[in-house]
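The figures that follow rest on heavy atoms only: side chains count, while hydrogens, waters and symmetry mates do not. Protein chains get the first letters and strands the later ones, always in sequence-line order, with residue 1 at the start of each.
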There are 2 protein chains.
Amino acid sequence: MREGPDIARIAALVADPVRSSMLLALMDGRALTATELASLSGVTKQTASGHLAKLVDGEVLAVEAQGRHRYFRLAGAHVAALIEALMVFSSDAASPVRTGPKEPALRKARVCYDHLAGEMGVALYDRAREAGWLTDDLGVTEVGWSRFSAIGVTPDSLPRSNRPPCRACLDWSQRRHHLAGLIGKATLDRLFALSWARRLPASRVVAFTPEGERRFREWIG
Amino acid sequence: MREGPDIARIAALVADPVRSSMLLALMDGRALTATELASLSGVTKQTASGHLAKLVDGEVLAVEAQGRHRYFRLAGAHVAALIEALMVFSSDAASPVRTGPKEPALRKARVCYDHLAGEMGVALYDRAREAGWLTDDLGVTEVGWSRFSAIGVTPDSLPRSNRPPCRACLDWSQRRHHLAGLIGKATLDRLFALSWARRLPASRVVAFTPEGERRFREWIG
DNA sequence: ACGATGGTTCGGCTATCATCGAACCATGAG
DNA sequence: CTCATGGTTCGATGATAGCCGAACCATCGT
C-alpha cells in the first residue's frame with residue numbers, strides 16, 4: 001500500500017543464512033575469494049556464486065577481479081553498520097576467520113606480476129595514501145614524486161604506456177591493497193637495483209636484506 | 001559451517017515487504033493496532049496477524065493489549081537503529097502515516113476507563129516523568145507526592161487496593177502513554193471536583209473549562 | 001443477552017528461492 | 001598445446017513461507 005524505502009530488499013539479501021555467514025566473514029574489511037566464501041559457508045561453489053552475484057547486484061558487496069580469482073569485500077562502511085545493527089539482537093559475538101597462505105616468507109613480501117605484494121607492499125601503499133603521496137583517484141602528488149624520486153623513480157624514468165601509472169592491487173595474503181601500476185613496477189625494480197631485496201629463484205618470494213628492509217621502512221616513513 | 005550471531009533470523013523478519021512496511025509505519029515510536037497495520041500494508045487481518053506474531057516472537061515489536069485492541073510498537077531503540085541502517089541503502093526518505101480519531105474533542109481529553117486520556121493525559125504523564133514525579137518503575141517520589149497533594153491527591157486519600165497506584169496506559173489517539181492506576185483515577189476525580197473539567201453526557205469527552213485548562217497546565221508546570 | 005468489532009487459528013493453494021549435478025568459460029602453469 | 005583450477009550458467013527438485021477463505025474466540029456497547 002504505502003511506499004517507503006525498500007528496506008525489505010536489502011534485508012532479504014542478508015536474510016539467507018549462507019549470505020549472512022559470508023557477510024560476517026567479511027566484517028573485518030578483508031576481501032575473500034568466491035571459493036573461500038563457499039567452503040566457509042558450507043555450500044558448493046555454484047550456490048556460492050549465485051549468492052555472491054545477488055549481493056554484488058544489490059550493492060552490498062563489491063567485487064574485484066584478480067586474474068582468475070574474484071575477491072569480494074563489503075561495499076562500504078554502511079554495510080558494516082547494518083551488520084552491526086543486526087548483531088545487537090544476538091548478544092554473542094562473532095568469531096574471526098583464519099585465512100591466508102602458509103609460507104611466512106610469501107606473506108611478508110612477494111612479487112605480484114611485476115610489483116611488490118605482501119606485508120611490505122601493503123605497508124607501502126598504506127603509507128603512500130596516508131602521507132599524501134597519492135590523491136584519492138590515485139594520482140601522484142608533488143610530495144609523492146619527491147618521495148619516489150628519493151629511490152630513483154621519476155616521471156621521466158617511467159616508460160610511455162597506456163597502462164595507468166598508479167594502480168591499487170588487491171593483496172592476496174593481506175587482503176588489502178598494495179601499490180601496482182607503472183610506479184609499482186618501477187619501485188620494485190629499484191628495490192632490486194638498490195640491492196635492498198632480491199628475488200629468490202623459482203619462487204615469488206622477495207627477500208629483503210636486513211639493511212634493505214631498514215632502508216625501505218625508513219624511506220616510506 | 002561457522003556459527004556467528006544469527007543475523008539472518010532478524011533480517012528475515014524485516015525482509016518481508018509487508019512486515020517492513022509495518023516497521024516503517026512504527027518508526028516514529030507510536031503504537032498502532034493490528035487492523036491499522038493490516039490496512040496500511042494492504043493485507044487482510046489474518047495475514048497481518050501472522051506477521052505481527054512473528055515480529056513479536058522475534059522481539060522486534062512489543063505488544064500491549066488494551067481491551068480488545070492490541071497496540072504494536074517497536075521493541076526498542078535498537079530496532080529503530082536497524083531500520084535506519086537499512087534506509088541508508090535507499091536514498092529516498094519515508095513518508096509519515098496519518099492516524100487517530102476524527103473528533104478533535106476526543107483527541108484533546110477523554111476518559112479512559114477511569115482516568116484521563118488524550119492530549120491532556122499524555123501531557124500529564126510526560127511531565128510527571130520528565131519532572132521527576134515518578135521513578136522509572138512508576139513509584140511516586142517525594143516531589144511527586146507534593147505535586148499531587150497540590151490538587152488534593154494524597155497517599156491517605158487513595159483507597160486500599162491491590163491495584164497498582166500508578167500505571168502507564170497506552171493512549172488511543174496520541175499513541176503514547178498517559179497516567180493510569182489509582183493515582184490516575186484520583187487525579188481525574190479531582191479535576192471534576194475542582195470544576196476544572198466536566199464530563200459531557202453520553203460521551204467520553206472530558207471538557208475543560210478555559211480556567212480549568214489554564215490551572216491544569218499551570219499545575220503540571 | 002445479543003450483535004458488532006478486533007484478533008487469532010487452521011487448511012490449502014501458490015510462488016518464490018535455495019540447492020546441487022552437470023556442463024561450460026576463462027585464466028594460469030608447465 | 002594441454003591440464004588443472006576458479007568461477008559461472010542452466011535446469012530440475014524440493015522446501016519454505018506468504019496469502020486468503022472460513023471458522024472461531026474475546027471484548028465492548030447497548
Whole-Å distance separating the [atom1] atom of [X] from the [atom2] atom of [N]:
X       : N      : atom1 : atom2 : result
A/Asp16 : D/dA17 : CG    : P     : 11 Å
A/Tyr71 : C/dT27 : OH    : P     : 16 Å
B/Arg70 : D/dC28 : CZ    : P     : 14 Å
B/Leu13 : D/dG18 : CG    : P     : 9 Å
A/His51 : D/dT8  : NE2   : P     : 13 Å
A/Leu52 : C/dC17 : CG    : P     : 17 Å

Could you say whether A/Arg19 or A/Lys45 is positioned toward the 5' end of DNA chain C, judged by the nucleotide with the nearest heavy atom to each?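 Counting from the 5' end, the first nearest nucleotide belongs to A/Arg19.
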Using heavy atoms and a sub-4.0 Å distance, could you list which residues of residues 55-63 of chain A are near DNA chain C? By number, please.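 Nothing qualifies; none.
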Reckon [X] has a side-chain N or O less than 4.0 Å from the OP1 or OP2 of [N]?
X       : N      : answer
A/Lys54 : C/dA18 : yes
A/Thr35 : D/dG7  : yes
A/Arg68 : D/dA4  : no
B/His69 : D/dA26 : no
A/Thr44 : C/dC20 : yes

B/Ala8 backbone acceptor or donor facing A/Arg19 side chain under 3.5 Å: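 No, the answer is negative, given that no donor and acceptor are paired below the 3.5 Å cut-off.
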Heavy-atom donor-acceptor pair, B/Ser41 side chain to B/Leu37 backbone, under 3.5 Å: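 Side chain of B/Ser41 to backbone of B/Leu37: a pair is present.
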For B/Phe208, which of B/Phe216, B/Phe192, B/Trp196 qualifies under ring pair (Phe, Tyr, Trp, His ring centres under 6.0 Å)?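 With B/Phe208 as partner, ring pair (Phe, Tyr, Trp, His ring centres under 6.0 Å) holds for just one option, B/Phe216.
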Hey, what's the ring geometry for B/Trp133 with B/Phe148, parallel, tilted or perpendicular (30° and 60° as the breaks)?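 Because their plane-to-plane angle is over 60°, the rings of B/Trp133 and B/Phe148 count as perpendicular.
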Once the angle between the rings of B/Phe89 and A/His78 is folded into 0 to 90°, is it parallel (under 30°), tilted (30 to 60°) or perpendicular (over 60°)?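 Because their plane-to-plane angle lies in the 30° to 60° range, the rings of B/Phe89 and A/His78 count as tilted.
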Residue from A/Thr33, A/Val56, A/Leu55, A/Leu23 passing side chain to side chain contact (heavy atoms under 4.5 Å, CB included) with A/Phe72: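 For A/Phe72, the side chain to side chain contact (heavy atoms under 4.5 Å, CB included) test succeeds with only one of A/Thr33, A/Val56, A/Leu55, A/Leu23, which is A/Val56.
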Residue among B/Ile151, B/Leu182, B/Leu116 satisfying side chain to side chain contact (heavy atoms under 4.5 Å, CB included) with B/Thr187: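 It is B/Ile151, the one option of B/Ile151, B/Leu182, B/Leu116 that forms the side chain to side chain contact (heavy atoms under 4.5 Å, CB included) with B/Thr187.
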Checking only heavy atoms, does the side chain of B/Gln46 share a donor-acceptor pair with the base of C/dG7 at less than 3.5 Å?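 For B/Gln46, whose side chain was compared with the base of C/dG7, there is no donor-acceptor pair (under 3.5 Å).
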Pick base, sugar-phosphate or nothing for A/Thr47, based on heavy-atom distances below 4.0 Å to the nucleic acid.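 Counting heavy atoms under 4.0 Å across all strands, the contact made by A/Thr47 includes a base.
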